[in-house]
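Notes for the one structure printed next.
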Amino acid sequence: MTTMTMTGDAAMASPQDSPLDAPLRPPAPGAAFPHDTQAPQAVPQPGLAASSSTNADAEWLRKAFKAILPPILGIALLIGIWYVGSAGADARIPGPGKTWEAAVALFSDPFYREGPNDQGIGWNVLASLERVAIGFGIAAAVGIPLGFLLGRFATLSAMVNPIISLLRPVSPLAWLPIGLLVFQRADPAATWTIFICSIWPMILNTAQGVTRVPQDYLNVARVLNLSEWKIFTKILFPSVLPYMLTGIRLSIGTAWLVIVAAEMLTGGVGIGFWVWDEWNNLKVEHIIIAIFVIGIVGLILEQCLVLLAKRFTYETP
Amino acid sequence: MKKIVQIENVGQTFDTKNGKFVALRDVNLDIREGEFVTLIGHSGCGKSTLLNLIAGLTKPSSGSMLCDGREIAGPGPERAVVFQNHSLLPWLTCYDNVYLGVERVFGGKEGKAKLKERTHAAMALVGLSHAEIKYPHEISGGMKQRVGIARALAMEPKILLMDEPFGALDALTRANLQDELMKIMAATGATTVMVTHDVDEAVLLSDRVVMLTNGPAATIGEILEVKLEHPRNRLALANDPHFVECRAAILEFLYQKQLKKAA
Ligand SMILES: Nc1ncnc2c1ncn2[C@@H]1O[C@H](COP(=O)(O)OP(=O)(O)OP(=O)(O)O)[C@@H](O)[C@H]1O
Ligand SMILES: [Mg+2]
């Protein structure tokens, strides 16, 4: 019934496979003897023990090196290209050095306030996060129960699915004027676009999760003759949870993408507006800084949800 | 002895993409109280289908199924099922998995303390008191099956239905669990229907072995009475003439009379 698939799974699994997470250190030979009294007899060649424990350390270092080196190389390459690209006399883009200086100045006081349109980058990021949190929270409050209903009742799903299929591909920004019209203010209108873009993945993934509850578990519920409430709390909810979290992760990703664009249009305080403002001031290095900040915040949001999802993923046999 | 399950002229047809599929036809079987019956047959012949019918998880397309003289309208805790793949809920500990059933069956008339006691007793019965706080993914396959059995037994069912409970286990674990199961059945005296494709297991455990013909449209081919005294000992039985005879009869049914269609 849905076009949204659990593509998130692969992405979810990858961080835990990182070799950095589980450095396999073979135990040092001495460790096998727990009693101090035995140690002197058992390890007649202390030099040997010491050398193989440094071997283990070296092995660990080598692995850590292997995990860290390629990303560092990649970033160095990026900065290199950036440097070359911004090197010429007539270059329009500020180079890494200039941007770095601007960043140091900017982050020395991220929370200053000099009037409504001149605030520190910290305030702008927080304002955007607040909008995302509100729009996203309302979307979760509406979308998740709706997803459960759609998954549970086929008729309802047949009724609503065409509407969702029609509306989902529409850019959330197209909804901005409607928000402005209804709410008469810019701030709730931006939140409204976040709501719109967040709600689809939540509905679709939750509904998909409900239809994918293993028949075996439902059979258990039937044999035990569990009450509707027990079925919901002990079977439905826990098995849908991973799907729900995928929906949440997808929507927070898009929400963070959309908020920047929405704020560029609505103005006020927010990282999107800040980017636009700096463009008008022709402080291009600030725009580059904003790009990094937006990227890092998005990454953190995503990682938090990946961790959360990992916590609630059960190994099903 | 009293008939606890009566299956009369039961047929089961599934609607599939390629039209109707007749899985079972003309199944007639009475199960007596306290009896241990095994269903044996080649893979895909319809053993699980028949067991699910007795459990009430599916309804027969034709014929009638009675339990205790009443039509089987749906599943219920008096017909506990040990599933082919154990089906423990992965987000609950072993204890909580068992408790879920206990609470449902006895929660209305007994206090919390008594329910806990029942759960502990069921875990002890299958020898898993030490694993109560573990999650299903933290224990071995044999232990999972035992928790599944504990969950079913804890509900004190009239009939215990088991779908290849030891199918996925190695021979050694399987033998241990069979011995344990024999002890438990001797202690509880519950009526049991068990699906298996292991001939030795069938003869060792059962009072009657029900042999199904190959599908599609499978039905009961032969029913073999195993007239061996309980308790049984696998080592002593290995050379028992009746045991050997029963074993040969089942093998002959499976590998001579039913082989052609299976290949
Ligand atoms: N829900 C269903 N829809 C369509 N066909 C089904 C359904 N359930 C079972 N079948 C078919 O009925 C036949 C019997 O299946 P069943 O699961 O009872 O076999 P089985 O004897 O338990 O096999 P195994 O030993 O491999 O578990 C099979 O051919 C199977 O494809
Ligand atoms: Mg089966």
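Here is the naming used below: chain letters follow the sequence lines, and residue numbers restart at 1 for every chain. Remember, it's a predicted structure, so these values are computed and weren't measured experimentally.
Proximity to chain A among residues 102-115 of chain B is limited to B/E103, B/R104, judged by heavy-atom separations below 4.5 angstrom. Scanning residues 227-238 of chain A against chain B with a 4.5 Å heavy-atom cutoff picks out A/S227, A/K230, A/K234, A/I235, A/P238, ordered by number. At a heavy-atom cut-off of under 4.5 Å, chain A is reached by B/G56, B/L57 from residues 49-72 of chain B, listed in order of number.
No part of B/L161 comes within reach of chain A, as not one of its non-hydrogen atoms sits under 4.5 angstrom from that chain. For B/R79, the part sitting under 4.5 Å from any heavy atom of chain A is the backbone (N, CA, C, O) and nothing else.
Taking every heavy atom of both residues into account, B/L169 and B/R174 meet most closely at O-NE, 4.0 Å. Closest heavy-atom contact between B/L128 and B/V147: CD1-CG2, 3.5 Å.
To the nearest 0.5 Å, atom CZ of residue A/F136 and atom CD1 of residue A/I252 are 4.0 Å apart. Distance check, rounded to the nearest 0.5 Å: OG1 of A/T206 to OH of A/Y243 gives 11.5 Å.
Within 6.0 Å of CG in B/L172 there are 12 or fewer heavy atoms belonging to other residues, nucleotides or ligands. Within 6.0 Å of CZ on B/R208 lie more than 12 heavy atoms contributed by other residues, nucleotides or ligands.
Checked by atom type, the side-chain pair B/T191/B/E33 shows no donor-acceptor distance below 3.5 Å.
Salt-bridge formation is detected for the pair B/R118/B/E156: a Lys NZ or Arg NE/NH1/NH2 atom is positioned less than 4.0 Å from an Asp or Glu carboxylate oxygen.
B/W91 and A/Y217 have their aromatic ring centers within a separation under 6.0 angstrom.
Side chain of B/S206 to main chain of B/A202: a donor-acceptor pair is present (N/O by atom type, distance under 3.5 Å, no hydrogens or angles).
Here B/R146 pairs with B/E180 under the salt bridge (charged side-chain N to carboxylate O under 4.0 Å, His left out) rule; sequence neighbours left out.
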